[in-house]
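Here the structure comes first, spelled out in structure tokens, and everything after it is commentary.
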Amino acid sequence: MAEEICLFTKDTLIIKPPKRPPASLRMLVLIFAMVCGVYIFSVCLKQTNIHTNSKFLKVEVGNQRRCLDNFIDRSQIPYLHYPNPVSFNRDECACNPVRLFAILSMQRSGSGWFETLLNSHTNVSSNGEIFSVKERRSNVSSIFSTLDTVYNLDLFTSASKNHCSAAVGFKWMLNQGLIEHHKEIAEYFNERGVSVIFLFRRNLLRRMVSVLANSYDRYAKLLNGTHKSHVHSHEEANTLSKYKPVINSTSLVMDLKLMEKMVLDALDYFSSTRHIVLYYEDLIKNPTKLRKVQEFIGVPKMELTSRQVKIHKGSLSEHIKNWDDVNRILKGTSYEVFLHTDYTS
């Protein structure tokens with residue numbers, strides 16, 4: 001600020017000290033400087049986070065721009081991926097897009113049989129029940145790390161066709177951390193463009209019989225001292241089907257309600273994802289539905305096959321030891337329909 005100079009006489013010069021700005025003005029300047037500093041810091045921090053978060057996707061985005069075909073359906077771009085695995089080089093298949101999927105199901109609902117059908121396709125890799133390993137689902141970070149490994153083609157299983165896979169996924173049981181962390185997982189699926197295949201059984205009573213029989217065989221090991229959840233011969237199937245479980249008739253209705261609720265909850269929690277809903281019985285009755293599945297995951301249509309043989313065939317009365325009790329309890333309820341044979345295969 002300029003100093004004020006006053007002349008009183010010819011030989012006298014008086015210089016007045018400069019006036020100090022008001023305290024309110026100084027405070028205003030200080031606040032303005034602080035706000036500017038905070039804004040500049042937040043901008044820099046945001047830039048840093050964007051750079052960090054883009055490291056994983058940088059290569060895939062680059063590959064996508066280089067590989068995208070001008071004739072491709074633009075609506076499908078969010079579901080097309082170009083993984084750059086760290087464990088191998090995709091070589092000539094680097095520009096083959098890969099679609100990601102997850103089969104959400106419950107134990108003894110036909111998911112093992114369904115997965116063998118998918119894996120009979122030359123371009124599909126479905127990697128099994130990967131979250132049966134508890135460490136992989138111990139928390140959300142472990143889950144995401146496992147998902148990233150699978151979808152980046154860095155998980156090797158007997159089903160892996162990694163170099164030129166056109167669709168990659170796995171099966172995930174509802175009781176393996178899926179429901180517990182459903183919000184975060186649904187967000188992951190939507191962000192990564194993962195397609196969801198729901199696979200359930202309509203007849204929950206048949207599922208219960210299969211669960212009890214499989215649980216018994218874990219200890220009894222009816223096939224020459226070996227436990228098998230799935231079999232490939234009619235002889236083995238007949239051996240396993242000889243065991244008739246006793247169903248707790250007292251809690252039966254409540255148990256069926258709980259299973260039903262778990263299915264409905266899963267359908268609700270993941271309704272925001274791109275998904276398809278399948279039922280085991282429908283696939284048994286109408287194998288052409290498998291063409292819809294192939295269309296859904298974007299692979300060429302092929303004849304899908306499986307060597308697995310069904311264990312519990314025919315009427316449920318032949319497979320439940322206390323059939324009369326079960327029949328009496330379910331008669332007149334909404335679950336009475338479960339008592340009848342719903343398919344003949």
Side-chain angles (χ1 to χ4, degrees), residues 101-121 124 126-129 132 159 169-176 178-179 195-215 217 228-232 234 236-237 240-241 245 247 255-267 270 275-297 303-320 330 334-345:
F101 68 87
I103 304 166
L104 308 191
S105 187
M106 302 170 75
Q107 286 86 351
R108 313 309 296 176
S109 296
S111 62
W113 167 74
F114 178 71
E115 194 173 44
T116 61
L117 288 169
L118 289 185
N119 281 325
S120 71
H121 195 292
V124 178
S126 191
N127 293 283
E129 205 170 313
S132 61
F170 61 97
K171 61 177 182 175
W172 199 345
M173 302 297 105
L174 301 188
N175 62 351
Q176 293 174 347
L178 188 63
I179 299 299
S195 298
V196 172
I197 301 172
F198 290 106
L199 177 63
F200 301 116
R201 291 186 82 147
R202 294 187 183 279
N203 193 325
L204 298 177
L205 182 60
R206 281 189 175 271
R207 175 181 178 266
M208 185 179 290
V209 170
S210 184
V211 168
L212 292 173
N214 186 63
S215 178
D217 189 63
K228 290 186 178 181
S229 295
H230 308 99
V231 296
H232 297 139
H234 293 288
E236 291 177 324
L240 292 181
S241 67
I247 290 180
D255 291 339
L256 291 173
K257 285 182 178 179
L258 290 175
M259 281 191 277
E260 199 172 51
K261 182 180 185 303
M262 185 175 286
V263 170
L264 293 175
D265 284 347
L267 291 172
F270 295 93
H275 64 270
I276 185 174
V277 181
L278 304 174
Y279 290 94
Y280 172 72
E281 291 86 349
D282 299 343
L283 294 174
I284 290 286
K285 290 178 181 178
N286 185 8
T288 59
K289 285 186 174 292
L290 292 171
R291 297 177 68 83
K292 289 287 186 182
V293 177
Q294 295 176 76
E295 182 180 326
F296 178 70
I297 59 177
E303 191 71 26
L304 305 182
T305 60
S306 173
R307 294 177 53 240
Q308 285 193 15
V309 176
K310 184 171 175 56
I311 297 173
H312 297 99
K313 297 180 180 180
S315 172
L316 273 176
S317 61
E318 300 174 8
H319 302 293
I320 299 175
L330 295 186
S334 59
Y335 303 116
E336 181 177 355
V337 65
F338 292 167
L339 298 170
H340 311 299
T341 302
D342 48 1
Y343 48 86
T344 57
S345 298

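- The line from CD1 of Ile320 to CD of Glu318 is 11.0 Å long, rounded to the nearest 0.5 Å.
- In this structure, Lys289 and Leu278 have side chains that are not in contact, with every pair of non-hydrogen atoms separated by 4.5 Å or more.
- Between the CG atom in Leu104 and the CE atom in Met173 there is a gap of 8.5 Å [rounded to 0.5 Å].
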Run the numbers on Glu260 and Tyr335 for side-chain contact (heavy atoms from CB on, under 4.5 Å), then give the verdict. CA-CA 11 Å; Glu260 199 172 51; Tyr335 303 116; 2.9 Å; yes
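- Side-chain contact between Asn175 and Ile179 is absent, with no heavy atoms from C-beta onward closer than 4.5 Å.
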One pair to check against side chain to side chain donor-acceptor pair (under 3.5 Å): Ser315 and Ser317. What are the steps and the verdict? CA-CA 5 Å; Ser315 172; Ser317 61; 2.8 Å; yes
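- A donor-acceptor pair under 3.5 Å is absent between the side-chain atoms of Ser306 and the main chain of Thr116, judged by distance alone.
- Contact annotation: the side chain of Glu115 approaches that of Ser126 to within less than 4.5 Å [non-hydrogen atoms, C-beta and beyond].
- Rounding to the nearest 0.5 Å places CG of Asn127 at 7.5 Å from CG of Asn119.
- In this structure, Arg207 CZ and Met106 CE are separated by 3.5 Å, a value rounded to the nearest 0.5 Å.
- What you find for Ala237 and Val309 is that their closest heavy atoms are CB-CG1, 4.0 Å.
- Side-chain contact between Leu283 and Leu199 is present, with heavy atoms from C-beta onward closer than 4.5 Å.
- Each of Arg201, Arg108, His319, Lys310 was checked for a side chain to side chain donor-acceptor pair (under 3.5 Å) with Ser210, and the lone residue meeting it is Arg108.
- Annotation for His234: atom NE2 does not count as buried by contact number, only 12 or fewer foreign heavy atoms lying within 6.0 Å.
- Of all heavy-atom pairs spanning Arg202 and Glu281, the tightest one is N-OE1, 2.9 Å.
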side-chain contact (heavy atoms from CB on, under 4.5 Å) assessment of Phe114 paired with Leu290: CA-CA 9 Å; Phe114 178 71; Leu290 292 171; 4.1 Å; yes
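- Looking only at side-chain heavy atoms (C-beta outward), Phe101 and Phe296 stay at 4.5 Å or farther from each other.
- Side-chain contact check for Ile247 versus Leu205: some heavy-atom pair is nearer than 4.5 Å.
- The structure places CD of Glu236 at 9.0 Å from CD1 of Ile311, a figure rounded to the nearest 0.5 Å.
- Within the 4.5 Å cutoff, side-chain heavy atoms of Gln294 are placed close to those of Leu304.
- To the nearest 0.5 angstrom, Ser215 atom OG is 11.5 Å from Gln107 atom CD.
- The shortest side-chain heavy-atom distance between Phe338 and Leu316 does not fall under the 4.5 Å cut-off.
- Across His275 and Phe270, no two heavy atoms sit closer than the pair ND1-O, 3.8 Å.
- Relative ring orientation between Phe200 and Tyr279 is described as tilted, the plane-to-plane angle lying within the 30° to 60° band.
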Derivation of the side-chain contact (heavy atoms from CB on, under 4.5 Å) call for Leu256 and Leu330: CA-CA 10 Å; Leu256 291 173; Leu330 295 186; 4.0 Å; yes
List the steps and the verdict of side-chain contact (heavy atoms from CB on, under 4.5 Å) for Leu118 and Val293. CA-CA 9 Å; Leu118 289 185; Val293 177; 4.0 Å; yes
